[in-house]
Amino acid sequence: MPELPEVETVRRTLEQLIVGKTVDGIEVLYSPLIKRPLDDPETFRETLRSETIQAIKRRGKFLIFETDRLSLVSHLRMEGRYALKTKDDLPDKHTHVIFRFTDGTALHYRDVRKFGTFHLFSRGEEMQSAPLLPLGPEPLDPGFTLDAFIRMLRGKTTKLKPLLLDQHFLAGLGNIYVDEALFRACLHPERPANTLTRKQKTALYESIVETLQKAVDSGGSSVRSYLNGKGEMGMFQLQIQVYGRQGESCPNCHSPIRKKKVGGRGTHYCPKCQPQPRRRSGSAVRKSM
DNA sequence: ACACACCCCTGGAAGC
DNA sequence: TGCTTCCAGGGGTGTG
């Protein structure tokens with residue numbers, strides 16, 4: 001399940017592999033992935049023909065392939081992957097889109113779950129429309145400061161886990177890194193966001209930024225079959241402390257790590273290091289600022 | 001503002 | 001062994 005660090009790793013890999021290449025033709029083998037233009041894979045294919053890839057950017061978990069005239073926005077969702085092949089390589093049963101280039105190479109998009117999406121825009125238009133427009137700030141941008149984060153939290157009564165997963169609140173975190181960031185900040189996933197002390201908000205901010213940055217530096221996490229565009233594994237899974245480790249002992253206190261559903265998502269945490277929020281007592285809520 | 005159910009889809013696990 | 005059923009998971013949408 002690619003999250004920000006994995007998508008950033010794919011971006012960097014594809015940047016090396018396909019920038020400067022010119023599209024010779026596109027094959028759409030499973031057209032429901034093409035969300036814009038909707039129900040019109042023919043226009044999708046025709047519009048992209050002869051375009052040259054100028055840059056590959058990222059916004060949250062979205063990749064953006066830029067040409068002179070167009071922006072192609074790609075989301076990998078659970079299992080989307082890119083691989084550069086030659087023109088003679090045959091697609092396997094899970095390859096749904098093929099970008100053929102004039103130099104005889106071909107970029108295969110493979111996605112077992114068929115959850116991935118493609119949105120095609122005129123260049124520049126993509127930032128003014130869904131799915132990119134409603135995204136929250138980029139956690140690794142210099143503009144995402146502690147003060148900004150504290151302002152964002154103001155008035156939020158949602159539990160931390162669903163809040164941090166909400167891409168409209170903050171772009172790029174997914175299930176793995178939310179669990180890791182909450183663990184590192186010693187915060188329970190069901191803690192209402194507006195009950196954090198200033199110190200806890202700071203700890204959460206720092207753990208989000210540090211966890212994501214370290215994961216980017218490690219080339220992402222290879223859990224559940226994630227590979228970058230060159231078929232290489234990331235290494236951050238070696239630093240994962242709670243995700244997928246239910247029943248194992250907490251690296252801090254050796255209590256067994258627990259798994260429960262929070263906001264409909266499998267959530268991993270240490271019950272001792274991340275204590276359960278106290279139930280609403282009915283008494284005055286302590287000030288959080 | 002927030003919570004939750006449902007849908008998309010398939011492979012792997014669990015149950016029988 | 002082989003069949004059926006259940007379930008995860010990002011994000012959009014719809015309902016309460």
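Order of the sequence lines sets the chain letters (A, B, ...), proteins ahead of strands, with each chain counted from 1. Small disclaimer: the values here were computed from a predicted structure and weren't measured.
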Legend entry - Note: E3(A)-K61(A) ion pair, threshold 4.0 Å (strictly below): no
Legend entry - Closest listed nucleotide, where the reference is the side chain of P131(A) and the choices are dG11(C), dG9(C), dG12(C): dG12(C)
Legend entry - Quiz item: cation-pi between K114(A) and Y30(A), 6.0 Å / 45°: yes
Legend entry - For atom CG of L4(A) and atom P of dG11(C), their distance in whole Å: 11 Å
Inset, instruction - Rounded off to whole Å, could you give me the NZ-to-C1' distance for the K159(A) and dC2(B) pair? - result: 11 Å
Inset, instruction - Scan N175(A) against the nucleic acid and name what it touches under 4.0 Å (heavy atoms): base, sugar-phosphate only, or nothing. - result: sugar-phosphate
Inset, instruction - Run the salt-bridge test on E190(A) and K260(A) with the 4.0 Å N-O cut-off and return the result as yes or no. - result: yes
Inset, instruction - Just call it for Y30(A): base, sugar-phosphate, or nothing, with non-hydrogen atoms closer than 4.0 Å on any strand. - result: sugar-phosphate
Legend entry - Short side-chain N/O contact to dG10(C) OP1/OP2 from R265(A), under 4.0 Å: yes
Inset, instruction - Could you tell me the separation between the CZ atom of R110(A) and the P atom of dG11(B), rounded to a whole number of Å? - result: 10 Å
Inset, instruction - Would you name the heavy atoms of N175(A) and R265(A) that are closest together and state the gap between them? - result: OD1-CB, 3.8 Å
Inset, instruction - Pick base, sugar-phosphate or nothing for G155(A), based on heavy-atom distances below 4.0 Å to the nucleic acid. - result: sugar-phosphate
Legend entry - Presence of K114(A) side-chain N/O under 4.0 Å of dC8(B) phosphate oxygens OP1/OP2: no
Inset, instruction - Select one nucleotide: of dG11(C), dA3(B), dA8(C), the one nearest the side-chain heavy atoms of K61(A). - result: dG11(C)
Legend entry - Spacing of F169(A) atom CZ relative to dG10(C) atom P, expressed in whole Å: 18 Å
Inset, instruction - State which of dG11(C), dC2(B), dG11(B) makes the closest approach to the side chain of R77(A). - result: dG11(C)
Inset, instruction - Find the distance F118(A):CZ to dC8(B):P and express it as a whole number of Å. - result: 20 Å
Inset, instruction - Return the value, rounded to whole Å, for the distance between atom NZ of K261(A) and atom P of dA3(B). - result: 16 Å
Legend entry - Base paired to dA1(B) (Watson-Crick or G-U; both N/O distances under 3.5 angstrom): none
Legend entry - Side-chain N or O of T157(A) closer than 4.0 Å to phosphate OP1/OP2 of dC2(B): yes
Legend entry - L38(A) CG to dG12(C) P, straight-line distance once rounded to whole Å: 14 Å
Inset, instruction - Look at all strands and tell whether K35(A) reaches a base, only sugar-phosphate, or nothing, counting heavy atoms closer than 4.0 Å. - result: nothing
Legend entry - Basic-acidic side-chain contact under 4.0 Å: D111(A), R77(A): no
Inset, instruction - Using a cut-off of strictly less than 4.0 Å, decide whether H168(A) has a side-chain nitrogen or oxygen near OP1 or OP2 of dG11(C). - result: no
Inset, instruction - Please work out if G174(A) contacts a base, only the sugar-phosphate, or nothing of the nucleic acid, heavy-atom cut-off 4.0 Å. - result: nothing
Inset, instruction - Tell me which nucleotide among dA3(B), dG11(C), dG12(C) gets nearest to the side chain of T158(A). - result: dA3(B)
Inset, instruction - Rounded to the nearest angstrom, tell me the gap between atom CZ in F115(A) and atom C1' in dT10(B). - result: 8 Å
Inset, instruction - Establish, from distance only, whether the side-chain atoms of T117(A) and K35(A) form a donor-acceptor pair under 3.5 Å. - result: no
Inset, instruction - Could you check whether T117(A) gets within reach of a base, just the sugar-phosphate, or nothing at all, counting any heavy atom under 4.0 Å? - result: nothing
Legend entry - H75(A) vs dG11(C): side-chain N/O to OP1/OP2 distance below 4.0 Å: yes
